[in-house]
Amino acid sequence: MRWSRYFLYTLRDNPSDAEVVSHQLLARAGMIDKVAAGIYTYLPLGWRSIDKLSRIIREEMNAAGSVEVVMPCIQPAELWQESGRFQKYGRELLRIKDRHDRDFCFGPTHEEVITDFVRRRVTSYRQLPANLYQIQTKFRDEIRPRFGLMRGREFLMKDAYSFHSSAGSLDEAYRAMENAYRRVFDRCELSYTAVEADTGNIGGSESHEFMVLADTGEDAVAACECGYGANVEKATAGAIAPPPPWPGKVPAKPEAVHTPGASSVPDVAAFLKLDPAHFIKTMIVETDREFAIALVRGDDEINEVKLKNVLDATHIQLAAESKVEQVTGGAMGFSGPVGLKGIRIVADPEVMRMTVAAAGANRADYHLVGVVPGREFAPDLVADVRKARAGDPCPRCGAPLVLKRGIEVGHIFKLGTKYSEPMACNFLDEKGETHPMMMGCYGLGVGRTVAAAVEQNHDAAGIIWPRPLAPFEVELIALNPDVPAVRDAAEKLYGDLQGAGCEVFYDDRDERPGVKFNDADLVGFPVRVVVGKKGVEQGQAELSLRRDKVKVPTALPDAVAKTRELLSGV
RNA sequence: CGGGGCGUAGCUCAGCCUGGUAGAGCACACGGUUCGGGACCGUGUGGUCGGAGGUUCAAAUCCUCUCGCCCCGACCA
């Protein structure tokens, strides 16, 4: 492709709204263009990267036994009402009315549509398993889209769904998908990790996320060298170190101590000359079904996702001040588990391991010292609801956990019968009995993966594409196209490289050398071939890798072979 | 939805506080000199200052409303 006939306009300045490097570089390299918040045009160069990734995904999905379909992006509301998600999904679901005032939505995901058509065609265990995928535009009306392709509202996703007559069959597909994802990300040359994950709104039993490690990642993962890895929303830990010894005598029964104005754990701890780990931190939450109390050790934080799950809630938030007073009878900031009635109490196991503790007294400016878990209060539920911290012992091997940031590029779920049951997606087994199908679903963010690749592969000058995702493989620069010898040599090389099967982008523009070099660095194709006046006089072109920029003078007749050699090495 | 900020030329921004003929750099067009790391000189094109209303002799500037965008928080396959 000749630059002069292509549609590529690079930007000298970063767009003012681009915060992260992948957004800045994709915009400056002329790959994407913002149309509205979280909505982008893929310009020709950007689409080539997307297309390359899509091909890799198709190859691996096909190889793993999935079959491609395309479902509509506009979906009738009835299907969503049937699964119960038309109400539950919230404002993230973009609702649309047609001219007849009928309800539709722009699909944020496709469980409903696929479950609907599978149930109308598959009725026997003999037809199972089935595994279908698509690469499709989704729309999620995010509260806050940001970071360019990393978190758009409209975005490209590969989503696959599998249907099974048994848990074993589902497990088999799940592993096959996991392996397919590993192959996709391996082929993209990304540094990633697969971690255990919460299932969120999609629901289901088992779930893994594929995280590309990057400082700008929006998710935190806890990882251990033994191979354990989990989203912090999900991460557990082995037993953590007990609090330091209780200073002084342990009271025989709890004493109410006046702690004026001190309500945060560190403040009260300092006031009472205790360690934060001696406290029971008490949070009152409001879910879609009840008020509840959550207890963690004073130096821990509540993990709201875990708490939401153990409370079997779909929505959770901290209770407002007035509600706290209503529920505990005391002031906000002085809540404690002792004496509370008519409300469920969830205690973290680490709380129950405390031999003695201090806690709020449910009375303004008072704390109870000498609270013994199990004696002064009995939790309705003991469950892990604490946030894992860096340095916590790994739940598998006990070594200290490390927290890293990651970009979620893939997420696979075992859905079980979450959708097949309400939507009556059933099959007959060999005995003629009816069962809902077991389902799995497997998402992979296409645009996000390209953005993640840029996050992981760039320098101050621009993108450094991994070859499999590079829009073109070779950038050929004619430095002085007005000099006949240079133009002729460059034209010949252009033809020869194309003839040799290289994807060449030929900068034939009438621009100064500096402009061409800087643009080449910015768009970041793996191999650069420069044809200039001095070189041509000596019968040479100059080859270099974008990655290390080491210049390799090469005789013109050898340039094609050398280019291919360099390409095979990246 | 809560808190903060920004909308002025295709892009990045100044001007606004303290009202008085709409600016710079880049980009673009033309001429000339340049040409292996974002050239220089000259000439030029380009803006209903996001929109509506108000105050005023006079509004990019002050006030009100509104739309859009960005950041932090809560939220999130």
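In what follows, chains are A, B, ... by sequence order, proteins preceding strands, each numbered from 1.
- The number of heavy-atom neighbours closer than 6.0 Å to CZ of A/R183, taken from other residues, nucleotides and ligands shown, is 12 or below.
- Comparing B/A9 with B/A22, their P atoms are spaced 15 Å from each other, to the whole Å.
- Shown here, B/G23 forms a base pair with B/C13; the pair counts as Watson-Crick or G-U wobble because both key distances fall under 3.5 Å.
- Separation of the C1' atoms belonging to B/C28 and B/C65 is 38 Å when rounded to the nearest angstrom.
- Aromatic rings of A/H110 and A/F117 (six-membered ring for Trp) have centroids beyond the 6.0 Å cut-off, not under it.
- Put simply, NZ on A/K234 is 17 Å from C1' on B/C76, counting in whole angstrom units.
- Phosphate contact (OP1/OP2 of B/C26, side-chain N/O of A/R12, threshold under 4.0 Å): absent.
- Here A/E301 pairs with A/K281 in a salt bridge; the nearest charged N to carboxylate O distance falls below 4.0 Å.
- Taking the C1' atom of each, B/A29 and B/A60 are spaced 28 Å apart, rounded to whole Å.
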Notebook entry, point to check: Checking salt bridge (Lys or Arg N to Asp or Glu O under 4.0 Å) for the pair A/R151/A/E142: CA distance, chi angles, key distance, verdict?
Noted result: CA-CA 9 Å; A/R151 191 181 175 85; A/E142 297 272 357; 3.1 Å; yes
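- Nearest to the side chain of A/V515, among B/C75, B/A39, B/G73, sits B/A39.
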Note to self: Walk me through whether A/R175 and A/E206 qualify under salt bridge (Lys or Arg N to Asp or Glu O under 4.0 Å).
What the structure shows: CA-CA 11 Å; A/R175 299 302 152 207; A/E206 189 176 355; 3.1 Å; yes
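- B/C69 and B/G51 have their C1' atoms separated by 15 Å, with the value rounded to a whole Å.
- With A/W3 as the partner, the ring-ring contact (aromatic ring centres under 6.0 Å, His included) test is satisfied by one option alone out of A/F505, A/Y506, A/F472: A/F505.
- A residue-by-residue look at A/K34 and A/K549 shows that A/K549 has its nearest nucleotide of RNA chain B further toward the 5' end.
- A/T41 and A/D33 share no donor-acceptor pair across their side chains, judged by distance under 3.5 Å alone.
- Distance A/E19 CD to B/G73 P: 11 Å, rounded to the nearest Å.
- The A/D13 side chain lies nearest to B/G25 when the options are B/C76, B/G25, B/G37.
- Note: A/Y9 and A/F7 meet the aromatic proximity criterion, with ring centroids under 6.0 Å apart.
- Looking at heavy-atom distances under 4.0 Å, A/E304 makes contact with sugar-phosphate atoms alone, never a base.
- Dashed line: the shortest gap from a side-chain N or O of A/N480 to OP1 or OP2 of B/G36 is under 4.0 Å.
- Two residues, A/R153 and A/V409, neighbour RNA chain B, and the one matched to the more 5' nucleotide by heavy-atom proximity is A/R153.
- In this structure B/C75 sits in no base pair that meets the Watson-Crick or G-U test at under 3.5 Å.
- Here the nucleotide nearest the side chain of A/R146, chosen from B/G37, B/C71, B/C70, is B/C71.
- Across every strand in view, B/C69 sits in a pair with B/G5 that passes the Watson-Crick or G-U test at under 3.5 angstrom.
- Among the nucleotides B/C13, B/C35, B/G36, the one closest to the side chain of A/D482 is B/C35.
- When distances are taken from the side chain of A/A36 to each of B/C76, B/C69, B/C11, the shortest belongs to B/C69.
- When both distances must be under 3.5 Å, the Watson-Crick or G-U wobble mate of B/G53 is B/C63.
- Under 3.5 Å, the side chain of A/E542 and the base of B/G36 form at least one donor-acceptor pair of N or O atoms.
- Residue contacts shown for A/F155 include a base, since a base heavy atom lies under 4.0 Å away.
- Nearest to the side-chain atoms of A/D17 among the listed nucleotides B/C70, B/G36, B/C72 stands B/C70.
- Between B/G32 and B/G25, the distance separating the two P atoms is 23 Å to the nearest Å.
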Listed pairs, N/O of protein and of nucleotides 29-32 of chain B, under 3.5 Å:
none

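- Pairing partner, B/G31: B/C41, with both Watson-Crick or wobble hydrogen-bond distances short of 3.5 Å.
- Residues A/W80 and A/F86 place their aromatic rings such that the two centres sit no closer than 6.0 Å.
- When distances are taken from the side chain of A/I143 to each of B/G73, B/A39, B/C35, the shortest belongs to B/G73.
- Remark: the separation of the P atoms in B/U43 and B/C49 is 28 Å, to the nearest Å.
- Distances were taken from every side-chain heavy atom of A/R144 (C-beta onward) to each of B/G36, B/C75, B/C71; the shortest belongs to B/C71.
- B/G47 makes up no base pair with any nucleotide shown, lacking Watson-Crick or G-U wobble contacts both under 3.5 Å.
- B/A27 and B/U66 have their P atoms separated by 41 Å, given to the nearest Å.
- Rounded to the nearest Å, the gap between the P atom of B/A52 and that of B/A59 is 14 Å.
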